[in-house]
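Letters A, B, ... mirror the listed sequences (proteins, then strands); counts begin at 1. Keep in mind that the numbers below use all heavy atoms, side chains included, and drop hydrogens, waters and symmetry copies. The structure displayed is predicted, hence computed values, not measured ones.
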2 protein chains.
Amino acid sequence: MATLCGVDIARPRKPTLDTVAGVVGVSRATVSNAYNRPDQLSTALRERILAAALELGYSGPDPVARSLATRSSAAVGFMLGQPLTAAFSDPAVSVVLDGLASTVDGRDHCLVLMPGNETGGPRPETVARAQADVFVAYSLPDDAPALAAVRARGLPMVVVDQPVLAGAARVEVDDTGGARSAAEHLLLLGHRHFGVLTFALRPGGRTGPVDERRRAEASFRVTRDRLAGYLDVLADAGITDVPVWEASGSRRELGRAGTRWLLERDPRPTALLCASDELAFGALRAVRDAGLSTPDDVSVTGFDDVPDAKHADPPLTTVRQPLAEKGRRAGELALRLLDGESPGGPIRVPVELVLRASTRPPR
Amino acid sequence: MATLCGVDIARPRKPTLDTVAGVVGVSRATVSNAYNRPDQLSTALRERILAAALELGYSGPDPVARSLATRSSAAVGFMLGQPLTAAFSDPAVSVVLDGLASTVDGRDHCLVLMPGNETGGPRPETVARAQADVFVAYSLPDDAPALAAVRARGLPMVVVDQPVLAGAARVEVDDTGGARSAAEHLLLLGHRHFGVLTFALRPGGRTGPVDERRRAEASFRVTRDRLAGYLDVLADAGITDVPVWEASGSRRELGRAGTRWLLERDPRPTALLCASDELAFGALRAVRDAGLSTPDDVSVTGFDDVPDAKHADPPLTTVRQPLAEKGRRAGELALRLLDGESPGGPIRVPVELVLRASTRPPR
DNA sequence: GGACGGATCTGAAGCGCTTCAGTCATGCTG
DNA sequence: CAGCATGACTGAAGCGCTTCAGATCCGTCC
């Protein structure tokens, strides 16, 4: 009786707002209000509507249609500079992402994940079709096509760590400063023979020694800055020709391999500066493999202070950055942009050298 | 001139299909075709349209509107049983996710990530509002509210590992069998004193010894099956009262702590069965901490065969499961469901015991 | 008692796009 | 040259929802 005229046979079809409205005998607007603005109708009616919906198997307004009508998809896109495996092998990524995810989820926003490929970011097509109304870029190379794609869509963006991009909100870390402090620490301890272990300077995953030219081509800002921090401090102290090994990713196994090479240099380094804790874990292992001891024979520093760092053997001296906070900040920034507020200046999170047992003066 | 009548002043407004159509002087349908069906119009016109679009700053059809019109959001939702940090501390999750992501990205589908919370899955509200047209559930507890939410929306779902759910496509692994083979291996070597290290039996993250009652309450199927595999084989051999430690997550640090407890049991176990490689890594470390040796004093087995397992010290005997393949299969299944094909029976991926140096007969 | 305010509910105009049944030339066939 | 297939393009009907300016009704206040 209270049903709409003809369209009644179509059983298997999914119910919509209209279906429910028809059955209850109210207008579509009222059903919508039942879900979105409970104060706009009487409790009694609202309950009747919800009951009817339940019975009809209507599970609430369709998210896509709702997004179209409200012009907001309630999702934030997360673009990554690497494939997922590479990214998540390093807690430095997953902890940040976790902070971000819980922040945006608190506001009923979803996270659209866009992993990178060999070229160092998601495909622009992926970005163009992603249903998100703000994007977060994490560790993309400066020239990633994905960035242009976001820009073309005219959507706001927050960048964490890099790249530095005009008009985008930003949360950043003083990578250079952190790296400098690690190098200075080792210098102060009296070390003169160094080795540096870094992760990828550019997308594509090369593994091998880094020369001046390769260094100049670096397109990952984080890598560039940490490396520069290490080498500049050493150069200022008159130490040049420092061997540098580039691992294609931030994984302990790759750090271990690189360290093998570094330990074969002559003179053998007494101190290893690593661009991440994961690499440093590999370095610790390689030192042990070589029948040497950390810190007696070789001091090792990391970067990030991931949870495992303090439990390493020996506990790792490293540069701490507040990973979870970075993620949260990025999330908050993204939500602010969604609210149309201005991004404000870049948010800087602090770094701090954490001294543990993996460093000591050379013998 | 070729512009539409009045609506011309609104500069800052984002261009739409109509804008472009108006400027070029063609119908909206034609512009749409220019993007989606190049064969439906002449190349010349298509290029004119694309050029005009570029000039106007139109970056292609709006994904949300397009989704509404096509009734397909081109996204797959990924629901996780744990928060991101917990999930990604274990490569067993990130490798699967990577396989899934690359599979669906190949079809221009996005990945909507829905991490779990303390209750063991994403919030149902999150699921209800997620713009995805197929969901994959990974390691959710059997009673997760998120599952009901998917069902309420009437969307197809693929389940990997668990829970077992009627009507859902599934890719599964013989966890019980894998666990059994590890236990049998140790038994065959002559071990009689065991310890078991497992990750969470239920959402919420408890840490401590597991008794019969706790075991009965287990809601994570994977955990349940592996544990059962270990204990059943031992029980069949007449070995009962095996101490079991539950870690709240699959992290090496937690494995290390649990192993400390296990090693204090009397009689001290000569073999440790771990529910994951990450836990096993912690066990190796704890054995060393205790001044003991693996495998001389204590044998250790893991589960998963993550990339680090073969580089552990000593290399880890473990049950291999093809993680990347699991992810890919799940992705393929999801895409098939999207195409309206039937899921077919569950896909089983093989497990296999990989013998390495962390196990040997007891002294 | 008439004006007013509040609480409820409705109509209709979009949101930006896809798609399908056509329309209209145009060229080809026999 | 009639008849037809083909290619190029258009009109209009949705997709399922939100939202806002009313419409209606009723209790109230002076």
Side-chain angles (χ1 to χ4, degrees), chain A residues 2 4 6-7 10 13-49 52-53 56-74 128-129 131 133 153-155, chain B residues 2 4 6-7 10 13-49 53 56-74 128-131 133 153-155:
Chain A
L4 291 172
V7 206
R13 185 170 191 142
K14 264 177 102 172
T16 71
L17 256 197
D18 275 317
T19 323
V20 179
V23 168
V24 179
V26 296
S27 82
R28 190 197 339 212
T30 303
V31 180
S32 172
N33 283 334
Y35 284 94
N36 302 315
R37 311 183 165 187
D39 56 306
Q40 294 293 299
L41 34 51
S42 62
T43 332
L45 179 54
R46 172 152 194 266
E47 276 165 8
R48 253 175 66 216
I49 291 176
L56 290 168
Y58 177 74
S59 60
D62 177 273
V64 174
R66 151 188 269 262
S67 288
L68 181 58
T70 58
R71 291 169 220 55
S72 135
S73 60
R129 303 178 86 109
Q131 301 187 13
D133 21 43
R153 286 186 61 179
L155 292 175
Chain B
L4 291 172
V7 204
R13 181 164 195 150
K14 263 175 103 171
T16 72
L17 257 195
D18 275 318
T19 323
V20 179
V23 168
V24 179
V26 295
S27 83
R28 193 201 332 214
T30 303
V31 179
S32 173
N33 283 334
Y35 284 94
N36 302 314
R37 314 180 163 190
D39 56 306
Q40 295 293 300
L41 35 51
S42 61
T43 332
L45 179 55
R46 173 151 194 265
E47 275 165 8
R48 253 174 68 216
I49 291 176
L56 289 169
Y58 177 73
S59 61
D62 179 271
V64 174
R66 148 189 271 261
S67 288
L68 181 59
T70 59
R71 290 168 221 54
S72 136
S73 60
R129 302 177 87 109
Q131 302 188 10
D133 23 40
R153 287 185 60 179
L155 292 175

> What distance do L155(A) atom CG and K14(B) atom NZ have between them, rounded to the nearest 0.5 Å?
Replying inline: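 With rounding to 0.5 Å, CG (L155(A)) is 4.5 Å from NZ (K14(B)).
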>> Nearest 0.5 angstrom please: S27(A) OG to L17(A) CG, how far?
In response: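 Going from the OG atom of S27(A) to the CG atom of L17(A) covers 9.5 Å.
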> With sequence neighbours left out, which residue pairs that include part of residues 39-48 of chain B fulfil the side-chain hydrogen bond (donor to acceptor under 3.5 Å, both in side chains) condition?
Replying inline: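 Passing the test, one end in residues 39-48 of chain B: no pairs.
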Length of the line joining [X]:[atom1] and [N]:[atom2], which is rounded to integer Å:
| X | N | atom1 | atom2 | answer |
| --- | --- | --- | --- | --- |
| L45(B) | dG7(D) | CG | P | 17 Å |
| L41(A) | dT24(D) | CG | C1' | 16 Å |
| Q40(B) | dC20(C) | CD | C1' | 11 Å |
| R46(A) | dA7(C) | CZ | P | 17 Å |

> Would you say the side-chain atoms of R153(A) pair up with the backbone N or O of A128(A), donor to acceptor, closer than 3.5 Å?
Replying inline: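 At least one qualifying donor-acceptor pair exists.
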>> Could you go through V20(A) and I49(A), starting from their C-alpha distance and side-chain angles, then the distance that decides it, and tell me whether this counts as side-chain contact (heavy atoms from CB on, under 4.5 Å)?
In response: CA-CA 7 Å; V20(A) 179; I49(A) 291 176; 4.1 Å; yes
>> Output one letter per nucleotide in nucleotides 13-19 of chain C: B when a protein non-hydrogen atom lies under 4.0 Å from the base, S when only the sugar-phosphate is that close, - when neither is.
In response: -BBBBBB
> Within a strict 4.5 Å, meaning less than it, do heavy atoms of the S67(A) and V64(A) side chains meet?
Replying inline: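 No - every pair of side-chain heavy atoms lies 4.5 Å or more apart.
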> For V64(A), which contact category applies under a 4.0 Å heavy-atom criterion: base, sugar-phosphate, or nothing?
Replying inline: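 Nothing, no nucleic acid heavy atom in range.
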